[in-house]
*Asks:* 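Input: one structure, supplied below.
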Number of protein chains: 2
Amino acid sequence: MALKHTLLAFLARQSLSGYEIAKEFEEGFGSCFWKASQQQIYAELAKLEQQGEISYEAIPQLGRLDKKIYSLTPQGQQHLVDWLQRPTEPTVIREDLGVMGLAGHLIPPQAVVRELGRRRALHAEKLRQMQTLTTTLPMGSPESKDLYMHLILRRAIRYQEDWVAWCDEALQAIAQHG
Amino acid sequence: MALKHTLLAFLARQSLSGYEIAKEFEEGFGSCFWKASQQQIYAELAKLEQQGEISYEAIPQLGRLDKKIYSLTPQGQQHLVDWLQRPTEPTVIREDLGVMGLAGHLIPPQAVVRELGRRRALHAEKLRQMQTLTTTLPMGSPESKDLYMHLILRRAIRYQEDWVAWCDEALQAIAQHG
DNA sequence: TATTTGTATTCAAAAAATTGAATACAAGTA
DNA sequence: TACTTGTATTCAATTTTTTGAATACAAATA
């Protein structure tokens with residue numbers, strides 16, 4: 001799995017608590033290329049800590065449970081660097097809408113059109129979110145760190161744009177057909 | 001999960017054996033929107049059969065194990081139709097290359113460039129495969145069945161095209177950056 | 001004839017992800 | 001003050017996926 005490596009990569013940029021990482025995955029930069037639930041993240045952090053890849057500093061909170069700020073250990077950094085130099089795998093595609101394409105003839109065309117419209121709106125909204133995220137990124141610095149972030153966000157933006165464009169294409173094809 | 005529904009959708013088009021479905025998922029039309037291993041498919045077919053969603057006819061093979069040709073039962077078809085009318089979820093993205101973008105500054109830029117080149121080639125090859133698949137699809141019939149198949153394949157083609165284009169964009173940005 | 005490739009299915013263990021919570025308290029809103 | 005939202009972590013059961021096989025034989029190739 002690579003949730004492990006994704007967490008290491010996050011912590012390579014800055015030290016964070018489980019909660020902060022989970023938020024990143026939910027709304028922030030992480031949301032454009034990795035999905036993981038809060039529980040998954042907490043479980044994995046605990047495991048990585050146990051394996052000595054990361055360590056934490058417990059920050060006492062006023063009257064509540066300690067906040068654990070995790071950072072990479074040298075061992076964790078080494079593992080991350082090793083992993084980064086290995087070839088990547090494209091994300092696994094499991095697309096419900098493809099299944100609809102296989103058996104869509106079993107339901108009324110309006111149902112298909114409705115779903116395409118829904119998906120179009122969904123991807124357009126996601127696109128908007130990604131564009132907003134872009135504005136929060138540090139700009140124009142000569143650091144490759146920032147360049148890479150921009151490229152990944154570009155990837156996410158293109159992806160959503162492509163979905164919107166395809167939905168339009170599909171909707172038009174169905175309109176012309178029927 | 002929706003491997004279940006994907007299998008039902010395949011069997012709604014034609015009756016197939018586990019082996020034939022697995023081949024579809026590996027190389028054929030299925031490969032553009034759903035990933036599943038052979039074992040997963042056999043296990044799921046057995047489960048669906050046990051639940052009465054599909055049934056099989058055992059075809060005795062010369063000297064080898066029977067081939068099981070599965071078909072949808074009316075119950076299975078009903079479940080599929082119900083499922084098809086529910087809103088779809090976009091595929092879950094877990095993209096290793098995004099992780100590289102997060103922590104790519106920890107490795108030499110050449111390593112990043114090499115990986116982008118590798119991925120470009122990989123997606124270009126996949127694109128070629130998808131384009132070949134297009135030629136095997138029935139064309140121009142007025143059946144919505146065929147229209148939908150074309151649209152899904154279009155989605156898969158656009159996806160790979162977009163990857164190739166982004167790799168080029170990223171490679172260029174890195175080259176300009178120095 | 002020996003080896004590889006293709007057809008066809010099954011088993012089992014381990015890893016990972018999902019689902020659905022519970023706990024605890026602060027701060028802001030109605 | 002009651003309610004909701006946000007911060008922060010943890011537990012447990014179940015479902016899904018992945019990994020790595022074993023079995024069996026036909027047909028094609030070397």
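In what follows, chains are A, B, ... by sequence order, proteins preceding strands, each numbered from 1.
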*Asks:* Tell me: NZ of B:Lys4 to P of D:dT15, nearest whole Å?
*Replies:*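 From B:Lys4 NZ to D:dT15 P: 12 Å.
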
*Asks:* Tell me: CD1 of A:Ile93 to C1' of D:dT17, nearest whole Å?
*Replies:*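 These atoms are roughly 17 Å apart.
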
*Asks:* Tell me if the aromatic rings of B:Phe25 and B:Phe10 count as close, with their centers under 6.0 Å from one another.
*Replies:*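 Yes: the rings meet the under 6.0 Å criterion.
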
*Asks:* Give, ordered by number, those residues of residues 9-24 of chain B having at least one heavy-atom distance below 4.0 Å to an atom of DNA chain C; if nothing qualifies, reply none.
*Replies:*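 The answer is B:Ser17, B:Gly18, B:Tyr19, B:Lys23.
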
*Asks:* Kindly say if A:Lys47 contacts the phosphate of C:dA16, meaning a side-chain N or O under 4.0 Å from OP1 or OP2.
*Replies:*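 So the side-chain polar atoms of A:Lys47 do come within 4.0 Å of the phosphate oxygens OP1 or OP2 of C:dA16, strictly under.
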
*Asks:* Nearest to the side chain of B:Gln40 - C:dA17, D:dT17, C:dT10?
*Replies:*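 Selected nucleotide (nearest to the side chain): D:dT17.
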
*Asks:* Tell me, which pairs form a salt bridge (Lys or Arg N to Asp or Glu O under 4.0 Å) where one or both residues lie in residues 96-121 of chain B, sequence neighbours left out?
*Replies:*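 Every salt bridge (Lys or Arg N to Asp or Glu O under 4.0 Å) pair that includes a residue of residues 96-121 of chain B, provided the two are not neighbours, is B:Glu95-B:Arg119, B:Glu115-B:Arg118, B:Arg120-B:Asp168.
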
*Asks:* Nearest-Å distance, CD (A:Glu27) to C1' (D:dG6)?
*Replies:*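 In whole Å, D:dG6 C1' lies 11 Å from A:Glu27 CD.
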
*Asks:* Give the intermediate values and the outcome of side chain to side chain contact (heavy atoms under 4.5 Å, CB included) for residues A:Leu97 and A:Trp163.
*Replies:* CA-CA 11 Å; A:Leu97 209 51; A:Trp163 262 104; 3.7 Å; yes

*Asks:* Start at the 5' end of DNA chain C and walk down; is the nucleotide closest to A:Gln38 or to B:Tyr70 reached first?
*Replies:*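 Whichever sits nearer the 5' end wins; that is B:Tyr70.
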
*Asks:* Choosing from C:dA12, D:dT17, D:dT10, which nucleotide comes nearest the side chain of B:Gln39?
*Replies:*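 Closest nucleotide among those given: C:dA12.
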
*Asks:* Whole-Å distance between C:dT18 P and A:Glu44 CD?
*Replies:*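 Atom CD in A:Glu44 sits about 13 Å away from atom P in C:dT18.
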
*Asks:* For C:dT9, take OP1 and OP2 only and decide whether either is under 4.0 Å from a side-chain N or O of B:Tyr42.
*Replies:*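 Yes, because at least one side-chain N or O of B:Tyr42 sits under 4.0 Å from OP1 or OP2 of C:dT9.
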
*Asks:* To the nearest Å, how far apart are A:Trp34 CH2 and C:dA17 C1'?
*Replies:*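 So the CH2-C1' distance, A:Trp34 to C:dA17, works out to 12 Å.
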
*Asks:* Can you measure B:Leu3 atom CG to D:dT17 atom P for me and round it to whole angstrom units?
*Replies:*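 Value for this atom pair: 6 Å.
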
*Asks:* Rounded to the nearest Å, what distance is computed from the CD1 atom of residue A:Ile41 to the C1' atom of nucleotide D:dT10?
*Replies:*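 Rounding to the nearest Å, CD1 of A:Ile41 and C1' of D:dT10 are 14 Å apart.
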
*Asks:* According to a strict under-4.0 Å criterion, is B:Lys68 in side-chain N/O contact with OP1 or OP2 of C:dT10?
*Replies:*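 It does, given that an N or O in the side chain of B:Lys68 lies less than 4.0 Å from OP1 or OP2 of C:dT10.
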
*Asks:* Rounded to the nearest 0.5 Å, how far does CG of A:Leu48 lie from OH of A:Tyr56?
*Replies:*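 Those atoms lie 13.5 Å apart.
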
*Asks:* With a 4.5 Å cut-off on side-chain heavy atoms, are B:Met149 and B:Arg13 touching?
*Replies:*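 In short, these two side chains touch, coming nearer than 4.5 Å.
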
*Asks:* Specify whether A:Tyr159 and B:Tyr159 have parallel, tilted or perpendicular ring planes, treating 30° as the upper limit for parallel and 60° as the lower limit for perpendicular.
*Replies:*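 Judged by the thresholds at 30° and 60°, the geometry between A:Tyr159 and B:Tyr159 is perpendicular.
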
*Asks:* For the pair A:Lys126 and A:Cys32, evaluate side chain to side chain contact (heavy atoms under 4.5 Å, CB included) and give the outcome as yes or no after the intermediate values.
*Replies:* CA-CA 9 Å; A:Lys126 202 84 187 146; A:Cys32 67; over 6 Å; no

